[in-house]
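First up is the structure itself, then whatever we jot down about it.
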Amino acid sequence: MADSMKTIQEVFTSLDWSPLFVSLKTAVAATVLSFFLGIFAARKAMKASPKQKAVLDGLLTLPMVLPPTVAGFFLLLLFSTRRPFGAWLYDTFSLKLIQSWAGCMVAATIIAFPLMYRNARAAFEQIDVNLVYAARTLGMSEWNIFWRVVMPSAGPGIVAGTILTFARALGEYGATSMLAGNIPGKTATISQKIAMVMQDGDYAAAGVWVGIVMLIAFVIIVLMNIVLHKKMKYVKRW
């Protein structure tokens, strides 16, 4: 047991922290993109007709139910420089997503986006519409109504969706590996590092990284519970 603990300590002190930094940077960027895109898509879906809403909801939720490797396959086909769209991006904007951190961010955003979208839509659907009608009678613009009435009312749901989105982006593996690869210090994330050291049989290093991920996940769950508790603390218990 002592030898095992010593091994873990040695691994921890000699650890390359770049996968953590890459994962955090990717998760933050993906969360910011998913936040605005998810809110925009949720508002559009609510205003759509029932048939349009069903189709739109299916398309936007699809990355959440598909295996990440399937999503990565389609992203690879779309953004490969050998394909028309990927070649156009590279020729026009010198933007190459394959084997790059930009690809890592795009893949994480695609996979995490449905969580933000679903939570935002659910939060918007629970808002008392009378608050919106009252704001309109006071002469408020739709822009002000959205940011000063709708968003504060949907705040806890939006925050919970944001936290879950960050957690999903932080742990993304399949689509990120296929699109961005596993380049140390550039696109190699924690999930990829765990898979790599496990293949090498380095269980001590894998255990350290798993412990780091579990700690981050625990903090995320605690934050989400705090947010939901603030929402429910004025609700009478039954």
Side-chain angles (χ1 to χ4, degrees), residues 8 11-12 15 17-39 41-42 57 60-69 71-72 104-127 151-177 188-198 203-238:
I8 293 177
V11 170
F12 190 86
L15 204 63
W17 292 99
S18 63
L20 176 61
F21 299 143
V22 172
S23 295
L24 290 175
K25 182 172 67 171
T26 302
V28 169
T31 302
V32 172
L33 288 174
S34 298
F35 178 84
F36 292 104
L37 292 175
I39 290 175
D57 188 72
L60 296 178
T61 309
L62 197 59
M64 186 170 64
V65 297
L66 285 176
T69 50
C104 196
M105 177 189 64
V106 168
T109 301
I110 296 297
I111 298 301
F113 165 81
L115 286 171
M116 188 68 236
Y117 161 72
R118 299 289 298 186
N119 279 273
R121 208 193 79 184
F124 291 152
E125 289 175 346
Q126 294 177 5
I127 295 175
M151 285 296 288
S153 299
I158 298 295
V159 173
T162 304
I163 294 173
L164 289 174
T165 300
F166 177 82
R168 183 65 187 87
L170 185 69
E172 165 51 25
Y173 173 71
T176 302
S177 299
T189 62
I190 293 178
S191 299
Q192 294 170 337
K193 186 67 175 180
I194 292 174
M196 185 175 66
V197 296
M198 283 295 294
Y203 292 94
V208 171
W209 282 115
V210 168
I212 293 173
V213 172
M214 290 181 64
L215 178 61
I216 295 174
F218 176 75
V219 172
I220 290 172
I221 293 172
V222 170
L223 289 175
M224 187 173 65
N225 288 334
I226 291 174
V227 171
L228 295 178
H229 175 72
K230 289 182 178 180
K231 174 65 176 178
M232 298 300 296
K233 66 180 180 179
Y234 296 113
V235 178
K236 186 176 180 180
R237 301 180 184 276
W238 56 275

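Hydrogens, waters and symmetry mates play no part in the numbers below; they use all other heavy atoms, side chains included.
Closest non-hydrogen pair, Ala41 versus Phe113, comes out as CB-CZ, 3.9 Å. Across every non-hydrogen atom of Trp17 and Trp209, the tightest pair is CA-CH2, 4.3 Å. The two atoms that bring Gln192 and Ser177 nearest to each other are NE2-OG, 3.0 Å, heavy atoms only. The two atoms that bring Ala42 and Arg121 nearest to each other are CB-N, 3.6 Å, heavy atoms only.
One finds the CD1 atom of Ile221 at 11.0 Å from the CD1 atom of Ile163 (value rounded to the nearest 0.5 Å). Atom-to-atom distance recorded for Leu60:CG and Arg118:CZ is 9.5 Å, nearest 0.5 angstrom. A distance of 7.0 Å separates CD1 in Ile212 from CD1 in Ile216, rounded to the nearest 0.5 Å.
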Please step through side chain to side chain contact (heavy atoms under 4.5 Å, CB included) for the pair Phe124 and Ile158, ending with a clear verdict. CA-CA 9 Å; Phe124 291 152; Ile158 298 295; 4.2 Å; yes
Check the pair Ile220, Leu164 against side chain to side chain contact (heavy atoms under 4.5 Å, CB included), reporting the backbone distance first and the verdict last. CA-CA 8 Å; Ile220 290 172; Leu164 289 174; 5.6 Å; no
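In terms of the side-chain contact (heavy atoms from CB on, under 4.5 Å) criterion, residue partners of Ser23 (sequence neighbours excluded) are, by chain and number, Leu170, Thr189, Ile190. For Thr162, there are no side-chain hydrogen bond (donor to acceptor under 3.5 Å, both in side chains) partners, not counting sequence neighbours. Applying the side-chain contact (heavy atoms from CB on, under 4.5 Å) rule to Leu66 yields the partners Leu62, Val70; only residues at least two apart in sequence or on another chain are considered. Residues forming a side-chain hydrogen bond (donor to acceptor under 3.5 Å, both in side chains) with Ser191 (at least two apart in sequence, or on another chain): none. Among residues two or more places apart in sequence or in another chain, the side-chain hydrogen bond (donor to acceptor under 3.5 Å, both in side chains) test is passed with Ser18 by Asp16.
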Show me the donor-acceptor pairs within less than 3.5 Å that the side chains of residues 27-35 make with the rest of the protein, sequence neighbours left out.
unit_1: Thr31; atom_1: OG1; unit_2: Ala27; atom_2: O; d: 2.6
unit_1: Ser34; atom_1: OG; unit_2: Ala30; atom_2: O; d: 2.8

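No side-chain heavy atom of Thr69 sits less than 4.5 Å from a side-chain heavy atom of Tyr173. Counting only heavy atoms from C-beta outward, the side chains of Ile39 and Tyr117 never approach each other to under 4.5 Å.
Glu172 places a side-chain N or O within 3.5 Å of a backbone atom of Ala175 that can act as its donor or acceptor partner.
Just one of Asn119, Ile111, Leu115 meets the side chain to side chain contact (heavy atoms under 4.5 Å, CB included) condition when paired with Thr165; it is Leu115.
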